Undergrad: 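One structure, pasted below without further comment.
All values below come from the heavy atoms of this structure, side chains included, with hydrogens, waters and symmetry mates left out. Naming: A, B, ... by sequence-line order, numbering from 1 per chain. Quick caveat, the model's predicted, so the values are computed rather than measured.
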Amino acid sequence: MEKELNVVGARLPMMDAAQKVKGTALFTDDLILPGMLFGKILRSPVPHAKILNIDTSRAEKLPGVKGVVTGRDIPDRKYGIVPMAKDEYALAKDKVRYIGDDVAAVCAIDPEIAEEAVELIKVDYEELPAVFDPLEAKREGAPEIHAGIKNNTSFAIRKEFGDVRKAFAECDAIFEDTFYSQPVNHAPLEPHAALAQFDPLNGELTIWSSTQIPFFLRRNLSNTLQIPESKVRVVKPKVGGGFGQKIDLYAKDFCAAWFAIQLGKPVKFVYEREEVFISTRQRHPMYITVKTGMKKDGIILAQKFQAHADGGAYNSTAPTMIALSCYFLMIPYRVPNLIYEGYHVYTNKPVGGAMRGHGIPQARFAVERQLDMIAERLGLDAAEVRIKNSIHAGEPHPAKFIINTCGFSDSVKKAADAIGWKEKRGKLPLGRGVGLAGASFPSGVSNMSHISSGAVVQLGRDGAVNVLSGAADIGQGAETVISQIVAEELGVPIEDIRITAADTGITPLDPGTFGSGVTVRAGNAARLAVISVKQKLFNFIADKLEANVADLVAKDRNIFVKGSPEKGMTLSEALKSYQYADLPMPIVGRGSWMAPATEPTTLFKEDGNFAPSYSFMTQAAEVDVDLHTGKVKLLRMVTAHDCGRAINPMLVEGQLEGSVVGGMGQALYEDVIVEKGQVMNPSFLDYGFPTFLEMPEIEAIEVETDDPIGPFGAKEAGEGTQLSPAPAIVNAIYDAIGVNFMELPITPEKILDALEEKKNRKNSRSDQCISHC
Amino acid sequence: MRLPKFEYFAPKSLKEAVSILQNEPSAKILAGGTDLLVNMKHKVECPPAIVNIKGINDLDYIKQDNAAVRIGALTTLKHIYMTSLIQEKLPVLAEAASTVGSYHHQTMGTLAGNLCQQNRCKFFNQSQWWRSARPTCFKAGGQICHVVNKKEICYSSYCGDVAPALLALNAKILVTGHKDSREILLEDLFSGDGKAPLNLNPGEILAEIIIALEEMDGVSSYIKFANRESIDFPIVGTAFWASMENKEYRVAFTAADRKPLRAHQVEAFMNGKNLSENILDEASALAAKEAKPIKTSVYSTTYKRRLMGLLLKSTVSEAMRRAKS
């Protein structure tokens with residue numbers, strides 16, 4: 001694409017950046033309505049129990065309390081973010097399944113009274129045996145967490161691609177290793193909140209919620225409350241981060257709506273940080289065994305992958321998470337023969353859900369670590385092995401993915417060069433090391449139902465360009481990116497764009513922020529809408545200018561004939577004469593877009609092209625390990641990233657930086673520590689994720705490809721970069737101290753223990769080659 | 001989270017504060033509030049009354065007379081590490097004050113408040129709901145210590161940063177009570193009882209911290225080892241003071257036991273000796289034995305012991321480097 005671009009590709013600050021810096025941006029908890037009441041949820045203090053009785057009488061009598069609700073009061077409607085996996089009530093009906101499970105809620109004239117009232121509710125529990133480990137939970141005789149779910153295994157898939165037996169027989173070397181990836185909390189800065197208001201005269205419910213998917217929330221509220229979807233309006237105020245944790249409906253949404261309907265007054269719920277840690281979602285802990293067969297030269301012939309995901313007490317996204325961890329084993333590397341076995345197992349612990357990368361970070365940790373270990377055993381260069389196995393655009397894919405553009409091998413080369421791979425790998429003094437890891441991620445989802453976005457662009461005499469989009473900006477800058485696309489197409493500066501986003505009562509349907517699809521999906525919808533507006537205006541102008549519509553261009557608030565800027569008029573003049581010609585205003589353009597798909601494939605049962613496009617990236621880390629204290633300092637992180645054409649490079653860099661910090665958290669700092677089902681570190685202080693002072697030097701390298709499907713060639717840049725920082729860091733630690741870590745996170749204590757063990761047993765190796773290598 | 005109900009007093013003088021405390025023996029003193037208010041929200045401390053001493057004049061000072069440097073109880077941590085006398089002559093104290101919590105804690109937190117902070121434990125520093133999943137722990141008013149699974153004992157750890165620095169400086173404190181004031185060694189303020197960590201009688205207020213002038217002739221350093229640079233409590237903190245000409249040394253640790261510790265055995269071993277590498281190796285080995293760390297946080301006791309030895313060496317080499325320059 002050689003076309004000159006003005007707004008797309010520009011490093012523009014987010015449109016709401018100044019508001020946020022000033023503190024004037026309105027998040028859910030900033031909203032105040034007249035007569036507003038405040039809610040609080042009572043949570044289970046036991047990991048597994050039958051609810052025998054709930055006595056709410058003392059709470060109800062407390063002055064200031066306006067309402068109490070328990071599971072027995074609410075409709076018998078189970079909820080689940082994935083329709084086939086519904087297993088949860090907004091408030092527990094007969095059983096609690098983890099410490100933190102939602103039991104009852106109170107609504108009062110202030111939050112303090114609500115908190116006091118919750119403590120006055122008396123619940124009689126009959127405690128049941130609990131189980132905290134998925135491998136134990138899967139055994140015969142383990143406590144049954146959900147009635148009728150055998151071995152607590154709510155989802156299991158086994159898939160085979162190619163001929164794995166035959167391929168393994170042809171391998172020169174086969175390796176099998178087992179890994180563990182820990183639970184990680186999303187920890188968005190804004191805790192989950194909801195404010196609901198009900199108009200009893202027309203039966204309409206309005207809810208402001210810190211949600212990533214307003215339209216799913218609308219559907220799930222309609223279903224659980226048993227009111228028509230047409231009577232539910234979800235408004236998304238500013239959202240302070242989600243990372244996947246805000247895609248689900250939570251008790252705060254349901255209960256705010258419930259009380260608003262019952263009492264006819266606005267009701268607000270805001271979670272404490274402790275509730276965010278314990279009672280929302282976390283990245284699934286996962287046990288993984290990978291068996292990889294290779295030729296001597298490092299070409300992967302076959303893989304067998306077995307995963308046990310610790311789902312905690314409920315399903316949330318279980319089937320999607322398992323499917324993603326399976327299919328994305330076949331990208332960015334060519335794995336022609338694969339057996340995948342994945343189990344989602346219930347335990348009496350906090351619930352696993354979508355988290356940036358969604359099932360893939362755990363798998364990538366295992367695969368990227370094992371690739372390094374194998375390269376070492378076979379005496380190959382770990383970067384070379386990755387380049388050799390890289391898939392390329394246009395290749396046939398074992399799961400029928402269609403790869404239009406692929407900058408993966410290029411990204412390995414560029415990341416390796418930037419980190420100084422040739423000079424440093426294996427050559428730095430003890431304690432210093434470099435490592436890298438690769439990944440790929442979908443730009444949204446093609447084939448599932450409801451995955452299309454709409455947009456409306458309206459142009460009036462004032463020259464303001466009004467955009468209506470259902471895209472949910474949760475802090476990543478979606479509204480800015482969409483506005484840049486509209487501004488570019490219409491030839492105006494971004495200041496002329498006024499975007500209204502994510503209000504199910506006003507804006508068109510959109511599946512929200514998940515699966516890294518917003519830029520491609522909602523961006524394409526907005527582009528179609530503005531093109532439609534532009535065409536209407538061009539059709540009118542062409543007559544006036546006696547020019548062909550096809551020759552007109554819009555640029556710098558002017559419309560003119562391509563190549564002859566003097567033959568044209570300003571946008572403002574064009575609009576004025578449009579109106580004076582007695583044509584109806586505003587000029588409205590509509591667009592809706594879904595990824596091209598040949599058949600409706602979900603990946604749960606059938607293969608198919610999962611996404612409209614795929615991003616590719618390699619991350620390279622340099623670490624310094626303090627041999628005395630065991631502390632790992634991440635010195636530098638390079639990300640070479642093929643996200644197609646960046647609509648806004650500054651926002652892409654923001655995503656990269658966030659990913660690097662998230663990845664270093666996963667590698668070195670973060671772990672939701674659970675003892676007997678109880679989260680021991682449910683606070684920012686005790687959870688201890690890295691802060692600004694721990695950040696490394698970050699270098700971003702663009703590997704630009706021009707994707708034919710994304711708007712202006714864009715692909716995703718949100719989740720993919722979160723996949724490989726952790727294995728890159730762990731691979732660098734191996735280079736630094738010669739220890740192969742198989743479990744996350746790698747704390748200073750583990751480093752010291754490993755160094756000691758290494759000293760004691762210099763010659764024995766924990767890893768093994770199980771075949772003739 | 002809400003604060004439990006309490007009666008509020010804002011005395012204008014120490015005398016008035018003392019007399020309020022006499023009438024309300026279970027009252028708690030509020031200064032910076034960075035420790036007390038968090039515990040009150042968690043309802044592990046529910047005092048019937050709060051005595052806010054922030055309004056008392058003349059408790060915020062750093063002054064030097066013929067005998068000592070005297071620091072008022074309400075002097076903020078930031079004021080301490082921004083004062084050039086402290087930076088230059090008592091660096092161990094400046095370093096300790098500057099590593100407390102985050103910047104916000106340093107601007108709100110006071111010296112006496114930091115010294116008198118509550119002990120910490122992973123079973124204690126949690127919300128009321130969180131704690132309801134287990135029987136109430138001994139420190140919070142119940143029977144049992146969940147760390148060791150024993151009755152009527154508390155192994156919570158002292159985690160303050162400033163105490164070890166002042167212990168290494170052999171600081172004294174002025175305690176004001178109903179009848180008179182008494183001057184005691186700071187070391188004697190700490191009881192070693194996790195349930196009631198301070199040896200203060202009802203109605204007594206820590207009014208002043210006193211550091212003898214000759215301490216300024218020594219070299220010193222404080223090193224805090226924590227998870228993150230920005231905010232955390234120490235996993236272990238170590239303070240060291242030395243008079244190079246007299247070969248006299250003082251060592252103190254925090255976050256390693258139920259109270260901040262003067263490492264007397266280590267000191268006895270080191271005193272009179274030149275600190276060669278061998279001597280330091282031996283001292284480090286001794287240091288690990290001086291405290292009884294218990295697993296009251298997510299960090300193992302083995303790791304804490306290892307760090308005690310390591311940090312001793314680091315503080316010594318930092319102090320020696322200063323002695324030379």
Undergrad: Residues in side chain to side chain contact (heavy atoms under 4.5 Å, CB included) with B:I144, at least two apart?
TA: B:P135, B:H146, B:N149
Undergrad: Can you name the residues of residues 748-756 of chain A that have some heavy atom under 4.5 Å away from a heavy atom in chain B?
TA: A:P748, A:E749, A:L752, A:D753, A:E756
Undergrad: In plain terms, say whether B:K295 and A:E675 are close enough for a salt bridge, that is, a side-chain N and a carboxylate O under 4.0 Å apart.
TA: no
Undergrad: If you count heavy-atom pairs under 4.5 Å between each of A:D110, A:T629, A:L693 and chain B, which one has the most?
TA: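 Top count of heavy-atom pairs under 4.5 Å with chain B: A:T629.
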Undergrad: Between atom CZ of B:R134 and atom NZ of A:K676, what is the distance when rounded to the nearest 0.5 Å?
TA: 6.0 Å
Undergrad: Within the structure provided, determine whether A:T747 and B:Y303 are in side-chain contact (heavy-atom separation under 4.5 Å).
TA: no
Undergrad: Are any of the side-chain heavy atoms of A:Y687 and B:V298 separated by less than 4.5 Å?
TA: no
Undergrad: Around atom NE2 of B:H105, are there more than 12 heavy atoms from other residues, nucleotides or ligands closer than 6.0 Å?
TA: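 Yes, enclosed.
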Undergrad: Please report the closest heavy-atom contact between A:V679 and B:W130, naming both atoms and the distance.
TA: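 Heavy-atom minimum between the residues: O-NE1, 2.6 Å.
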Undergrad: Identify which part of A:S44 has an atom lying under 4.5 Å from any heavy atom of chain B, answering side chain, backbone, both or neither.
TA: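 Backbone only.
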Undergrad: Can a salt bridge be assigned to the pair B:R228 and A:E694 using a cut-off of 4.0 Å between side-chain N and carboxylate O?
TA: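 The answer is no: the pair does not qualify as a salt bridge.
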Undergrad: I'd like to verify something: which residue of B:L310, B:I231, B:L3 has the highest number of heavy-atom pairs under 4.5 Å with chain A?
TA: B:L310
Undergrad: Distance from B:W129 atom CH2 to A:K40 atom NZ, nearest 0.5 Å?
TA: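 If we round to the nearest 0.5 Å, B:W129:CH2 and A:K40:NZ are 10.0 Å apart.
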Undergrad: Any chance you could measure B:S127, atom OG, to A:E275, atom CD, to the nearest 0.5 Å?
TA: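 The CD atom of A:E275 is 9.0 Å from OG of B:S127, to the nearest 0.5 Å.
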Undergrad: I'd like to know which of B:K122, B:K313, B:R306 tops the heavy-atom pair count under 4.5 Å against chain A.
TA: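 Highest number of pairs under 4.5 Å: B:R306.
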Undergrad: Could you look at A:L42 and say if it's the side chain, the backbone, both or neither that has a heavy atom under 4.5 Å from chain B?
TA: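 When you check distances to chain B, no heavy atom of A:L42 falls under 4.5 Å.
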Undergrad: Got a sec: does the NZ of A:K50 have more than 12 other heavy atoms crowding it under 6.0 Å?
TA: no
Undergrad: Among the options A:E115, A:M680, A:E119, pick out the one with the most heavy-atom pairs lying under 4.5 Å from chain B.
TA: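 Most heavy-atom pairs under 4.5 Å with chain B: A:E115.
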Undergrad: If you take all heavy atoms of A:P45 and B:A133, which pair is closest and at what distance?
TA: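 Nearest pair, atom of A:P45 first, then B:A133: O-CB, 3.2 Å.
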Undergrad: Please classify the contact between B:K304 and chain A as side chain, backbone, both or neither, with a heavy-atom cut-off of under 4.5 Å.
TA: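 Neither part.
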Undergrad: Below 4.5 Å from any heavy atom of chain B, which atoms of A:K631 appear? Answer side chain, backbone, both or neither.
TA: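 Only the side chain of A:K631 comes within 4.5 Å of chain B.
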Undergrad: Is it the case that more than 12 heavy atoms not belonging to B:R2 sit under 6.0 Å from its CZ atom?
TA: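 Counting neighbours around CZ of B:R2, more than 12 heavy atoms of other residues, nucleotides or ligands fall under 6.0 Å, so yes.
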Undergrad: A:T691 and B:S230: which non-hydrogen atoms are nearest, and at how many Å?
TA: OG1-OG, 2.7 Å
Undergrad: Measuring heavy-atom distances to chain B, does A:E274 have an atom under 4.5 Å in its side chain, in its backbone, in both, or in neither?
TA: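 Answer is side chain: those atoms of A:E274 sit under 4.5 Å from chain B.
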Undergrad: Given that the side chain runs from C-beta out, which part of B:Y299 has a heavy atom under 4.5 Å from chain A: side chain, backbone, both or neither?
TA: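 Backbone plus side chain of B:Y299, per the 4.5 Å heavy-atom cut-off to chain A.
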Undergrad: Going by heavy atoms in the side chains, are B:Q126 and A:S683 under 4.5 Å from each other?
TA: no
Undergrad: For the interface with chain B, which of A:F684, A:F689, A:F692 has the highest count of heavy-atom pairs at distances below 4.5 Å?
TA: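 Heavy-atom pair counts peak at A:F689.
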